[in-house]
Amino acid sequence: MPELPEVETYVRDLTPILHKRIVQGLTVLWPRIIAAPTVDQFMQGMIGQQFTDFGRRGKYMLLGLASGNTLIIHLRMTGHVTVYAQPVMPTKHTHVVFDLADGGQIHYQDSRKFGRLWFVATPTTILAKLGEEPLAAAFEPAYLVDKLARRNASIKALLLDQSVVAGVGNIYADESLFLAGIHPTRAGSSLASEEVAKLHAAIQRVLATAIEHHGSSLGDSGIQNYARPNGELGEFQGRHQVFQRTGEPCLHCGQAIQRIVLAQRSTHFCPACQQ
DNA sequence: ATAAGGCCCTGACCGC
DNA sequence: TGCGGTCAGGGCCTTA
């Protein structure tokens, strides 16, 4: 599933491909994919727009346009953006097609239809509730200590909460907790500040390393849920310590990795390394 | 304010 | 072979 490292890879890959290109027309095949404004307003707004700036906030892709507006894309579980040099027939999972002035096309595809697109004047309202960017300077250990204090939910659930840290999802929550040696069921408020500091460092290290390896490409119920815009897979899945390694030996101590369900999400951990 | 559960969706997979 | 039921999962919404 696309989390921060996968979305970051997407933005870096798309930047040189889409820079300065102009949207001439578009087709919306599944209207619910457009989160805001209305489908008509989205189409009117996007036509004639030129891509200029490319960014990311949490798991949101921010495609800045010459007019000052922004196209926001959230891939959720199975969203894909592909750029073609020539027009291509939409597939059953193609929900939005952007026709580019130079004859190319951008296809938004999404087998589960959970992804969403926005056309907005300013992205701030959409992004208002997000917590700090985990790789930014403002994400300090003290920030995380404050966010976790007085919270009785499990640390796993809190890491998935986008208002605590923006961009961490199921994969990187499990991997960060393993690296920090913290059991996923521990209540947020039960963590000592030294443990939070370890977790803080683990989150940054896991995310930075995953970006270097272009994210994790995994099957989710057999569906390939993430590939780069050019179809290449990420490489970080081969370096997972616990995620989707249920029953396999811990790479640190040899104990079998366990799977439990927390906050309605599969959670993987080493019972020996994470007491 | 926080926490927990439902909902949106589809394809793979299981059991019969 | 075909069918129905179950599962996964991000983020938003509702409920307690």
Side-chain angles (χ1 to χ4, degrees), chain A residues 1-8 10 28-37 39 56-62 72-81 90-96 108-118 120 123 125-131 133-134 144 146-176 184-191 207 210 215-227 234 237 240 242-246 258-268:
Chain A
M1 40 246 88
E3 305 180 19
L4 186 153
E6 290 76 23
V7 178
E8 180 66 26
Y10 243 92
V28 176
L29 297 147
W30 184 265
R32 296 190 66 165
I33 291 289
I34 308 302
V39 172
R56 178 194 58 73
R57 178 79 171 93
K59 303 175 196 171
Y60 293 81
M61 243 189 292
L62 308 176
I72 305 179
I73 302 178
H74 197 303
L75 301 169
R76 293 274 182 99
M77 303 283 305
T78 52
H80 292 267
V81 176
T91 71
K92 62 187 288 200
H93 297 312
T94 306
H95 307 311
V96 184
Y108 178 78
Q109 295 161 300
D110 192 341
S111 65
R112 293 228 167 106
K113 299 179 176 169
F114 281 1
R116 290 294 180 265
L117 278 64
W118 295 257
V120 294
T125 46
I126 309 294
L127 310 173
K129 288 174 185 166
L130 294 178
E133 275 299 312
L144 196 55
D146 180 60
K147 279 285 181 182
L148 300 180
R150 304 173 302 279
R151 297 293 299 268
N152 293 317
S154 69
I155 186 62
K156 169 67 184 274
L158 293 169
L159 286 178
L160 295 178
D161 182 341
Q162 299 300 295
S163 70
V164 173
V165 196
V168 174
N170 214 25
I171 299 171
Y172 300 105
D174 282 5
E175 293 295 316
S176 299
T185 60
R186 298 264 312 272
S189 58
S190 77
L191 298 186
L207 293 176
S216 305
S217 292
L218 292 169
D220 161 34
S221 301
I223 302 171
Q224 180 62 58
N225 56 29
Y226 164 74
Q237 64 279 4
H240 289 175
V242 290
F243 194 78
Q244 287 194 355
R245 294 196 63 245
T246 310
Q258 269 186 27
R259 176 185 179 275
I260 56 172
V261 175
L262 266 183
Q264 287 121 253
R265 296 289 180 269
S266 334
T267 299
H268 313 75

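Order of the sequence lines fixes the chain letters, A, B, ..., with proteins taken first and strands second; residue numbering starts at 1 for each chain.
- In the set C/dG11, C/dA8, B/dC9, the nucleotide with an atom closest to the side chain of A/Arg259 is C/dA8.
- In the helix from B/dT2-C/dA16 to B/dC16-C/dG2, the rotation axis of the first five pairs and that of the last five pairs differ in direction by 50°, rounded to 10 degrees.
- Of the side-chain N and O atoms in A/His93, one or more sit less than 4.0 angstrom from OP1 or OP2 of B/dG11.
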- Query: Are A/Ile34 and A/Val28 close enough, and set up right, to give a side chain to side chain contact (heavy atoms under 4.5 Å, CB included), and what steps lead you there?
  - Reply: CA-CA 8 Å; A/Ile34 308 302; A/Val28 176; 3.9 Å; yes
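- At a threshold of 4.0 angstrom between heavy atoms, the contacts of A/Arg32 are confined to the sugar-phosphate backbone, with no base atom among them.
- Taking every heavy atom of residues 152-172 of chain A and every atom of DNA chain C, pairs under 4.0 Å involve A/Gln162, A/Asn170, by number.
- Between A/Tyr172 and A/His240, the angle of the ring planes goes over 60°, which puts this pair in the perpendicular group of the 30/60° scheme.
- Among the heavy atoms of the strands, none lies under 4.0 Å from A/Lys129.
- Counting to the nearest Å, the C1' atom of B/dA1 and the NZ atom of A/Lys147 are 12 Å from each other.
- C/dG11 has no stacking from A/Phe114 on its base ring, since the centres under 5.5 angstrom apart and planes within 30 degrees of parallel are not both found.
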- Task: Could you check A/Arg259 against A/Thr267 for side chain to side chain contact (heavy atoms under 4.5 Å, CB included), going step by step and ending with a plain yes or no?
- Result: CA-CA 5 Å; A/Arg259 176 185 179 275; A/Thr267 299; over 6 Å; no
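- Checking the phosphate oxygens (OP1, OP2) of C/dG10, no side-chain nitrogen or oxygen of A/Lys59 falls inside 4.0 Å.
- At the heavy-atom level, A/Arg151 lies under 4.0 Å from the strands shown only through sugar-phosphate atoms.
- Phosphate proximity of C/dG11 to A/His74: present, with a side-chain N or O under 4.0 Å from OP1 or OP2.
- Nearest approach of A/Gly115 to A/Tyr108, heavy atoms of both residues: CA-OH, 3.2 Å.
- Heavy-atom minimum distance, A/Gly169 versus A/Leu160: C-CD2, 3.4 Å.
- Side-chain nitrogen and oxygen atoms of A/Ser266 include at least one within less than 4.0 Å of the OP1 or OP2 phosphate oxygen of C/dG9.
- Using bins of under 30°, 30° to 60° and over 60° for the plane-to-plane angle, the ring pair A/His95/A/Trp30 lands in the tilted bin.
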- How far apart are the C-alpha atoms of A/Asp110 and A/Arg76, what are their side-chain angles, what is the distance that settles it, and do they pass the salt bridge (Lys or Arg N to Asp or Glu O under 4.0 Å) test? CA-CA 9 Å; A/Asp110 192 341; A/Arg76 293 274 182 99; over 6 Å; no
